[in-house]
Each structure stands twice: as C-alpha cells, then as structure tokens.
Amino acid sequence: QKEVEQDPGPLSVPEGAIVSLNCTYSNSAFQYFMWYRQYSRKGPELLMYTYSSGNKEDGRFTAQVDKSSKYISLFIRDSQPSDSATYLCAMSGRTNSGYALNFGKGTSLLVTP
Amino acid sequence: NAGVTQTPKFQVLKTGQSMTLQCAQDMNHNSMYWYRQDPGMGLRLIYYSASEGTTDKGEVPNGYNVSRLNKREFSLRLESAAPSQTSVYFCASSAQAQPQHFGDGTRLSIL
C-alpha cells in the first residue's frame with residue numbers, strides 16, 4: 001500500500017462550482033501537508049501549506065487536515081477555467097528520507113466554462 | 001527571480017548513452033531533491049541532499065548517481081541509459097522542513 005492515496009480522477013465541473021479534492025495517508029510521522037498545482041508541461045507549484053491539523057484559507061482555496069483520520073482536503077470555491085490542472089497532495093515528516101515529500105498520484109481537474 | 005533552473009528541458013538518448021541533468025537554485029536552500037514523474041505513478045524520489053556535502057538514496061535510486069557540487073547545484077547522472085528511465089525529471093529545493101520549490105522539469109526519452 002502506498003503511503004499516500006489520491007483519486008486520480010479526472011474530475012470535471014462547471015465554472016463556479018465548489019471543488020473538493022482529498023487524500024488519505026498511512027504514516028503517522030507526517031506533520032507537514034501541502035497541495036501543489038501542476039499545469040501541463042510545467043513543474044508543481046505550491047498552492048497551500050499546513051502544519052499539523054486544522055484549516056487554512058487563502059482566497060478561494062481552503063486546506064483542511066484531520067490527523068486523527070489521516071485525511072486531508074483542498075476546497076476550491078467559485079472554480080474558474082484557469083483552475084484546470086492536476087492537483088497533487090504531498091506530505092512530509094521526520095522520516096528515513098529526511099523531510100522529503102511523499103506525493104499522491106494527483107487528481108486531474110477540468111473546469112468547463 | 002529564477003528559483004530552480006533545470007537544464008536541458010528536453011533530451012533524446014539512445015540506450016547505453018550517458019547523460020547529466022543539471023539543477024541550480026538561487027534561494028539559498030540547504031536541501032535539494034531529484035524526482036521522476038511517470039504516468040500513473042506520481043512523483044517518486046530518486047535522490048536527495050539534505051545539506052551541502054551529503055546525498056542519500058530515495059525510493060528509486062537504481063541506475064542513477066548524484067553530485068551536490070555546491071550549495072546551489074545538484075546534478076543527476078545516468079551512466080548507461082535504459083528505456084525504463086524515459087520520464088520527466090524534476091529538481092526541487094527547500095529550507096529544512098519547509099515546502100519544496102520545483103523546476104519545470106527535463107523531459108527525457110531513451111530509445
């Protein structure tokens with residue numbers, strides 16, 4: 001079993017919809033949780049960063065971490081066509097690979113006008 | 001405002017050829033990483049360097065070597081390329097326990 005599980009989609013929503021993206025994980029050592037956005041033929045770009053449990057909001061984006069359930073979420077409000085991309089969850093903690101990131105496989109999102 | 005710079009952006013090799021992928025960062029980060037990204041597999045860690053002068057294996061190190069040349073530069077070498085190494089390679093850097101910043105990747109095809 002991979003340490004981080006993420007539904008690859010694809011997920012297609014109409015413009016203006018609320019999008020919910022999720023990941024589950026198995027390693028209790030993870031303390032740092034991130035969401036990256038990756039456009040086609042580009043590198044991952046950091047979207048949200050959360051330490052330990054709780055919520056964090058940045059504009060239209062909200063990240064939630066529930067360490068008791070080993071579950072993280074990213075919500076996108078008022079989705080736009082420019083949000084169409086692959087969203088990668090990532091997490092790290094003090095493990096055998098230092099603070100190297102463990103990634104989900106990514107969810108492909110398409111927002112249609 | 002360069003961030004993480006990877007060269008080359010594209011490369012085609014024949015089986016058995018060698019090649020070095022270059023990565024440089026200008027953010028004064030201590031840690032640097034090499035990943036490969038394959039369809040359906042996500043990003044997998046090849047090697048990392050927690051600080052200048054140290055390197056360690058990640059999840060998929062076989063067939064690769066790395067050199068942390070100085071604080072800014074971290075190179076990845078394929079000594080004898082194989083078709084299974086066809087992939088997109090990403091370099092990243094970070095301060096310790098902070099989010100990683102990625103380059104735009106090197107697309108490598110091995111025939």
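Below, chains carry the letters A, B, ... as their sequence lines are ordered, and counting in each starts from 1. All figures in this text were calculated on a predicted structure; none of them were measured in a lab.
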Query raised in the report: Nearest 0.5 Å, what's the NZ-CD distance between K105(A) and Q37(B)?
Result: 12.5 Å
Query raised in the report: Going by heavy atoms in the side chains, are F90(B) and Q38(A) under 4.5 Å from each other?
Result: yes
Report task. Examine whether an atom of R107(B) lies under 4.5 Å from a heavy atom of chain A, and if so say whether it belongs to the side chain, the backbone or both; otherwise answer neither. Result -> side chain
**Report entry** L101(A) to Y35(B) - nearest heavy-atom pair and separation
**Finding:** N-OH, 3.4 Å
Query raised in the report: When you look at CE of M27(B), are more than 12 heavy atoms from neighbouring residues, nucleotides or ligands closer to it than 6.0 Å?
Result: yes
Query raised in the report: Is it true that Y33(B) and L108(B) fall in one hydrophobic cluster, defined by side-chain heavy atoms closer than 4.5 Å?
Result: no
**Report entry** Among H101(B), R44(B), Q100(B), residue most engaged with chain A (heavy-atom pairs, under 4.5 Å)
**Finding:** Q100(B)
Query raised in the report: With chain A, which of P99(B), S94(B), G105(B) has the greatest number of heavy-atom pairs at distances under 4.5 Å?
Result: P99(B)
Requested in this report: Go through the atoms of Y47(B) and report whether side chain, backbone, both or neither lie under 4.5 Å from a heavy atom of chain A.
Outcome: neither
Query raised in the report: Can you name the residues of residues 6-23 of chain A that have some heavy atom under 4.5 Å away from a heavy atom in chain B?
Result: none
Query raised in the report: By a 4.5 Å heavy-atom criterion (distance strictly below it), what part of Q6(B) contacts chain A: side chain, backbone, both, or neither?
Result: neither
Query raised in the report: About how many Å separate OH of Y39(A) and CG of D104(B), when rounded to the nearest 0.5 Å?
Result: 13.0 Å
**Report entry** Interface residues of residues 40-75 of chain A facing chain B - heavy atom cut-off under 4.5 Å
**Finding:** R41(A), K42(A), G43(A), P44(A), L46(A), Y49(A)
